[in-house]
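Inspection log for the structure reproduced underneath, given as structure tokens.
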Amino acid sequence: WYGLVLSGNRCYEQALYHFAQAERKNLTHWRVNWYKALCLAELGRLPEAFYELNRVLKAYPQAGSIQQLYHHLYGDA
């Protein structure tokens, strides 16, 4: 939860730390990767955002807003 608060306050690096902590505690829901991708994109770390988006799309391929972000960041490639 704290990672979401931090990302909402534009503290993206700190939010990423807390999302990584959640993963280390075996929280494997696709939304963790989604929030990481959003933070990484805001920081301009596009290759890492791309990696996280791919993880989300593998876990939840029907996610329309995720596909829109993917295409916004990377085009149709």
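The first residue in the sequence is number 1, and the count goes up from there. As the structure is a prediction and not an experimental result, all values here were calculated from the model.
- Remark: E23 pairs with K36, R55 by the salt bridge (charged side-chain N to carboxylate O under 4.0 Å, His left out) rule, at least two apart or across chains.
- Side chains of Y35 and S7 form no contact here, defined as non-hydrogen atoms less than 4.5 Å apart.
- Rounded to the nearest 0.5 angstrom, N9 CG and Q14 CD are separated by 9.5 Å.
- Listed by chain and residue number, nothing satisfies the ring-ring contact (aromatic ring centres under 6.0 Å, His included) test with Y17 (two or more places apart in sequence, or in another chain).
- When all heavy atoms of V56 and W34 are compared, the closest pair comes out as CG2-N, 3.4 Å.
- To the nearest 0.5 Å, the span separating CG on L38 from CG on N33 amounts to 11.0 Å.
- If you chain together ILVMFWY residues whose side-chain heavy atoms come under 4.5 Å of each other, Y12 ends up grouped with L16, L40, L43.
- Listed by first then second residue, pairs satisfying salt bridge (charged side-chain N to carboxylate O under 4.0 Å, His left out) with a partner in residues 7-20 read E13-R45, not counting sequence neighbours.
- A search for side chain to side chain contact (heavy atoms under 4.5 Å, CB included) contacts involving N26 returns nothing, not counting sequence neighbours.
- Hydrophobic clustering (side-chain heavy atoms under 4.5 Å, transitive across Ile, Leu, Val, Met, Phe, Trp, Tyr) keeps F19 apart from Y2.
- Hydrophobic clustering (ILVMFWY, side-chain heavy atoms < 4.5 Å, transitive): L27 and V5 are in distinct clusters.
- For the residue pair A37 and E52, the shortest heavy atom distance occurs at CB-CB, 3.8 Å.
- Partners of R24 by side-chain hydrogen bond (donor to acceptor under 3.5 Å, both in side chains), not counting sequence neighbours, listed by chain and number: Q21.
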